[in-house]
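One structure is given here, and the rest of the page talks about it.
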Amino acid sequence: MAPEGQKVSLTGIKPTGDAHLGNYIGAIRPALEMASRFESLYFIADYHALTSVRDRAQMTSWTRSVAATWITLGLDPKQTIFYRQSDVPEVFELQWVLSCVTGKGLMNRAHAYKAARDRNAEAGLADLDAGINMGLFSYPVLMAVDILIMSADVVPVGKDQVQHVEYAADIAGSFNHLFGDVFSLKIPEAVTPPGESGRVLPGLDGRKMSKSYQNTIPLFAPEARLRKLVRSIKSDSTPVEAPKDPDSSAAFHLYENFAAPEDVAEMRRRLEAGGTGWGELKNALFEELNTQLAPLRKRYDDLMAPDSEIDAILAEGAQRARERARPVLAGVRRAVGVDGL
Ligand code: ADP
Ligand code: TRP
């Protein structure tokens, strides 16, 4: 058992595409670091992905890809309970119960829903809810369930998910207020990576790296594609000789998160002095990424094969996750009065 024994770290990643450098820096790397200090539960949030994925082949392949990514990057399934959300039906039963104690107004203020409405407004649509399904609207309730059903203390996520983690505490409070202290009074805490650039890793176009913007660098892209993607990172046209502001550059922010601190300091000095072009920075970034990721590609590809050990790992994880979820759900059923007549 982990040294901080009773403390539980939990996080989920949606299978909405192949995992990318931003997922690694924002969620996977900190979560793996925490797995040695906390009791850890990490999962694939496939029913969250269903709000947008509408293709069986994509759902299955991305689910496998997210699982293979975690294992490749060092998740030890003996140490961590690693499971697929949809394998734990207790989660969905609790989701209904918690929906019944969650104010609709809280969901109206959730940022993912608000952003979807803003996009409709920008597009000039009269119906601001056009194209928004109930799954997206009630997304934060399902996320609260993920957290509460496993009694998580800390939730390593990127900054964009902090509001959702705060909602979990609100929703637990509403339930307890109505039905008694069923959920432990601990407030789940979002843990985001430290530092300005660590918070949100930029993508190829300088915006947040995100599958939704199609501006990602996938973690296990083959070498030639990795090189091509790194070369395509947006940069300005400052001439090679001119001094440059490293902090204005997406490539530099990426470099900062992967290279050794002394190499980052040296690169900063050279860019600021002038005489070093953005192309040179991108070459250094490619070399750094490729050195770190090349040895992992084969392992990832092996795990992606249909008969790999992934299936057995997830089956075992599902069993262990359900064992934890069952008593929590039983307590909730008892509290609301649906456990017998
Ligand atoms: P995406 O935006 O690509 O769809 P997800 O929403 O699936 O990514 O995010 C999975 C996890 O990775 C979350 O904890 C999220 O905060 C983190 N994450 C995603 N993109 C980034 C990024 N560019 N920088 C830092 N963390 C990120
Ligand atoms: N909503 C998270 C995301 O988009 C994924 C997620 C689902 C999650 N359930 C969770 C993260 C519970 C942490 C805890 O990235």
Side-chain angles (χ1 to χ4, degrees), residues 8-32 34 40-53 58 62-63 65-66 69-70 73 81 83-86 88 91-92 94-95 98 110-113 115 135-136 138-169 171 188-219 233 250 253-254 256-258 321 325:
V8 177
S9 161
L10 170 137
T11 199
I13 289 199
K14 279 182 300 179
T16 46
D18 294 326
H20 54 77
L21 301 181
N23 299 143
Y24 177 57
I25 295 296
I28 302 176
R29 186 164 75 180
L32 289 175
M34 287 164 79
S40 50
L41 292 102
Y42 299 147
F43 67 96
I44 306 159
D46 53 350
Y47 267 176
H48 272 114
L50 194 59
T51 61
S52 60
V53 178
Q58 285 187 331
W62 287 336
T63 298
S65 168
V66 172
T69 298
W70 277 99
L73 292 171
I81 300 183
Y83 60 101
R84 179 164 61 164
Q85 183 188 39
S86 63
V88 185
V91 164
F92 309 102
L94 183 56
Q95 196 210 354
L98 292 192
H111 66 60
Y113 171 61
L136 175 68
S138 52
Y139 187 108
V141 182
L142 182 56
M143 186 156 157
V145 172
D146 292 330
I147 294 170
L148 297 172
I149 206 163
M150 302 299 173
S151 311
D153 296 277
V154 288
V155 185
V157 280
K159 208 171 181 317
D160 55 310
Q161 295 297 318
V162 173
Q163 183 199 39
H164 289 151
V165 180
E166 289 166 357
Y167 273 18
I171 293 172
E189 182 197 347
V191 180
T192 53
E196 196 54 43
S197 65
R199 278 193 218 142
V200 176
L201 207 70
L204 301 176
D205 56 1
R207 292 187 294 171
K208 175 198 164 200
M209 185 179 291
S210 170
K211 285 163 276 181
S212 356
Y213 297 147
Q214 291 164 350
N215 64 352
T216 71
I217 302 182
L219 274 161
I233 297 171
H253 284 306
L254 292 167
E256 253 184 332
N257 277 280
F258 287 90

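First listed ligand is number 1; within each ligand, the first listed atom is number 1. Note that the structure is a prediction, hence the values are computed from the model and not measured.
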Say whether Ile25 and ligand 1 are in contact under the criterion: heavy-atom distance to a ligand atom below 4.0 Å.
no
Kindly identify the option in Val165, Asp160, Val157 whose heavy atom sits closest to atom 16 (O) of ligand 1.
Asp160
Can you figure out which of Pro188, Ala168, Gly12 has its heavy atom closest to atom 11 (C) of ligand 2?
Gly12
Taking distance alone, with N or O pairs closer than 3.5 Å, would you say Thr11 contacts ligand 2?
no
What about Gln161: any of its N or O atoms under 3.5 Å from an N or O on ligand 2?
yes
Should you measure from each heavy atom of [X], which atoms of ligand 2 turn up under 4.0 Å away?
X      : value
Val157 : 11 (C), 13 (C)
Val155 : 13 (C), 14 (C)
Lys14  : 4 (O)
His48  : 7 (C), 9 (N)
Ala45  : 7 (C)

Numbered atoms of ligand 1 (with element) below 4.0 Å of [X], judged on heavy atoms:
X      : result
Met209 : 20 (N), 21 (C), 22 (C), 23 (N)
Ala27  : 11 (C), 12 (O), 14 (O)
Leu201 : 22 (C), 23 (N), 24 (N), 25 (C)
Val200 : 24 (N), 25 (C)

Does a side chain donor of either Tyr42 or Ser9 reach within less than 3.5 Å of an acceptor in the other side chain?
yes
Give the residue and atom name of whichever protein heavy atom lies nearest to atom 9 (N) of ligand 2, and the separation in Å to one decimal.
Asp146 OD2, 2.7 Å
Tell me, which protein residue and heavy-atom name are nearest atom 1 (N) of ligand 2, and how many Å apart are they?
Tyr139 OH, 2.7 Å
So, the side chain of Asp153 versus the backbone of Pro188: is there a donor-acceptor pair under 3.5 Å, distance only?
no
Side chain or backbone, does [X] bring an N or O within less than 3.5 Å of an N or O on ligand 1?
X      : answer
Lys211 : yes
Asn23  : yes
Ser212 : no

Salt-bridge contact Lys208-Asp160 (side-chain N to carboxylate O under 4.0 Å):
yes
Using 30° and 60° as the class limits, which term best fits the ring planes of Tyr139 and His48: parallel, tilted or perpendicular?
tilted
May I ask you to identify, for Tyr42, whether its side chain, its backbone, both or neither come under 4.0 Å of ligand 2 on a heavy-atom basis?
neither
Please determine which of Asn215, Leu204, Asp205 meets the side-chain contact (heavy atoms from CB on, under 4.5 Å) test together with Ile233.
Leu204
Just wondering, are more than 12 heavy atoms of other shown residues or ligands nearer than 6.0 Å to OH in Tyr167?
yes
